[in-house]
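Along the sequence shown, residues are numbered consecutively beginning with 1. Remember, it's 1-based here, ligands and their atoms both numbered in the order they're listed.
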Amino acid sequence: MGGWWGTASGSPRAGPVAGGTGGGDTGTGDPGTLPAPADVSWEGKGEGAGWGVGGATLSLSQSVSLSQSVSLSRSVSSQPEPGATMVVTLGYWNIRGLAHTIRLLLEHTETPYQERQYRFGPAPDFDRSEWTSEKEKLGLDFPNLPYLIDGPTKLTQSNAILRYIARKHGMVGETEEEVLRVDLLENQLVDLIGSFAQLCYSPDFEQLKPGYLEQLPGKLRELSRFLGSRPWFAGEKLTFVDFLAYDLLDLLHMFVPSCPQLQGNLGGFVQRFEALEKVSAYLRSGRCLKTPVFTHTAQWGGTKE
Ligand SMILES: N[C@@H](CCC(=O)N[C@@H](CS)C(=O)NCC(=O)O)C(=O)O
């Protein structure tokens, strides 16, 4: 089982508290009520460090002082220590998948968070029990991945998670026009991302790919028209749908790098998005999971590049 690492104590300012990719002791507690290990504290800012801990990597975007040379893996009790600071926990497979947008939004909003990354077992079985053994124990209404636990708030459904974070930061649209554009684009992007994922997971990938590529320019032209000359899809202000749009456009660029419809205003949008300070820092950091995009069963994007 993977471990829980590096819950913050003191005054967490922003960013991931820990990004674990496996290894370590098993945390047995409720991720919403993790206590802060006494030996990890927050100190200042700055692009982070990475430590190999028990075969895993712990990456922090702030500088973190460890008062002793310690194992960061620890078992977890259900009672937080007095004064312990709760941080948001994001649970997902150790892939990009549906979590990329959430990770980007947590980074952009400087939300302190920790990750619980579940791993598949080795081939040929790709055992899922690291996740399934916890799935029903987390108090989720609709147990699934990704999940987000923020104290008493326990959410699944990736877009509900995005909206939850975005609402706290005024990133869901303000005027009626902005809200309409956010709602419309969110659902349009669900369809577009869904059809791309469906293609990539299909056993008939090679036969279906030409048809997918044939309809893609039309879909991208619609997106381009919808964006027009606005900086962001809702208008002047960045909203959570820009994170979804960025993810799709970036994936499509990885899939068909030469696609002309990904240039123009959509290309400009991607550049603007990637230039956002915290986004840019995250994308350049070692903790950004750009690949594998999908799980191992996908015909495209299922491997680490
Ligand atoms: N509509 C859901 C889809 C969630 C989903 O399909 N999760 C996949 C990974 S992308 C999974 O493995 N879930 C774990 C499970 O089904 O137990 C969302 O947007 O969050």
Side-chain angles (χ1 to χ4, degrees), residues 1-2 19-22 30-32 88-106 111 113 115-150 153-167 171-172 182-203 205 239-252 254-255 288-305:
M1 299 284 280
T21 53
D30 176 342
V88 167
T89 299
L90 173 65
Y92 195 58
W93 298 114
N94 58 350
I95 63 167
R96 168 174 174 153
L98 292 170
H100 195 51
T101 51
I102 299 170
R103 292 172 179 139
L104 283 165
L105 187 58
L106 288 167
T111 304
Y113 71 100
E115 287 206 46
R116 172 73 167 107
Q117 292 190 354
Y118 298 90
R119 294 164 305 166
F120 291 93
D125 297 334
F126 299 105
D127 174 58
R128 292 161 55 98
S129 62
E130 193 168 298
W131 158 239
T132 53
S133 62
E134 286 185 5
K135 181 172 178 174
E136 304 297 332
K137 298 179 186 161
L138 295 166
L140 299 163
D141 289 315
F142 304 104
N144 213 333
L145 294 173
Y147 65 72
L148 187 101
I149 298 183
D150 183 10
T153 304
K154 299 185 176 195
L155 284 175
T156 51
Q157 290 299 340
S158 52
N159 287 1
I161 294 171
L162 280 176
R163 276 184 175 271
Y164 170 76
I165 303 162
R167 267 197 308 277
M171 296 176 68
V172 287
V182 164
D183 290 353
L184 178 56
L185 188 66
E186 176 189 8
N187 288 285
Q188 179 65 14
L189 289 170
V190 166
D191 289 355
L192 293 176
I193 292 165
S195 69
F196 180 61
Q198 212 175 349
L199 168 75
C200 293
Y201 274 105
S202 172
F205 173 77
T239 65
F240 75 92
V241 289
D242 294 308
F243 289 70
L244 287 168
Y246 168 73
D247 187 33
L248 175 72
L249 295 171
D250 183 50
L251 288 176
L252 292 175
M254 288 161 65
F255 190 60
C288 174
L289 262 181
K290 217 169 145 64
T291 60
V293 175
F294 299 119
T295 63
H296 55 275
T297 56
Q299 308 295 311
W300 180 90
T303 52
K304 180 102 189 134
E305 299 300 319

query = When you measure from atom 16 (O) of ligand 1 to every protein heavy atom, which one gives the shortest distance, and what is it?
reply = N144 OD1, 3.4 Å
task = Please report which non-hydrogen protein atom sits nearest to atom 3 (C) of ligand 1, along with the residue it belongs to and the distance in Å to one decimal place.
result = L98 CD1, 3.8 Å
ask   = Nearest to atom 12 (O) of ligand 1, what protein heavy atom do you find, and at what distance?
value = W93 NE1, 2.8 Å
request  = Please determine, by modelled atom types, if Y246 and T101 share a side-chain donor-acceptor pair under 3.5 angstrom.
outcome  = no
query = In terms of the angle between their ring planes, are H296 and F126 parallel, tilted or perpendicular, with boundaries placed at 30° and 60°?
reply = parallel
ask   = What's the shortest heavy-atom distance between L248 and L189, and which atoms?
value = CD2-CD2, 3.8 Å
ask   = What do you reckon, does G97 put a non-hydrogen atom under 4.0 Å from ligand 1?
value = no
request  = Give the atoms of ligand 1, by number and element, whose distance to some non-hydrogen atom of P146 is under 4.0 Å.
outcome  = 20 (O)
ask   = Between F205 and W300, does the ring centroid distance fall short of 6.0 Å?
value = no
inquiry  = Nearest 0.5 angstrom please: K154 NZ to Y147 OH, how far?
reply    = 9.5 Å
message = Parallel, tilted or perpendicular: which one describes the rings of F294 and F196, with boundaries at 30° and 60°?
response = tilted
query = When you look for heavy atoms under 4.0 Å from ligand 1, do you find them on the side chain of R96, its backbone, both, or neither?
reply = neither
key: Y92, any N or O under 3.5 Å of ligand 1 N or O   = no
message = To check your reading of the model: name the closest protein heavy atom to atom 2 (C) of ligand 1, its residue, and the distance in Å.
response = Q157 OE1, 3.1 Å
message = Check whether Y164 forms a cation-pi arrangement with R167 (NZ or CZ under 6.0 Å from the six-membered ring centre, at most 45° off the ring normal).
response = no
task = Please could you name the atoms of ligand 1 that R128 approaches to less than 4.0 Å, counting only its heavy atoms?
result = 14 (C), 15 (C), 16 (O), 17 (O)
task = Starting at CG of N94, measure out to NZ of K304 and round the result to the nearest 0.5 Å.
result = 9.0 Å
query = Can you find an N/O atom of N159 closer than 3.5 Å to an N/O atom of ligand 1?
reply = no
ask   = Would T303 and E305 count as having a side-chain donor-acceptor pair, cut-off 3.5 Å?
value = yes
remark   = for atom 20 (O) of ligand 1, nearest protein heavy atom and its distance come out as S158 N, 2.8 Å
note = min-distance protein heavy atom vs atom 17 (O) of ligand 1 -> K135 NZ, 2.7 Å
message = Among L145, I193, I102, T156, which one puts a heavy atom closest to atom 8 (C) of ligand 1?
response = L145
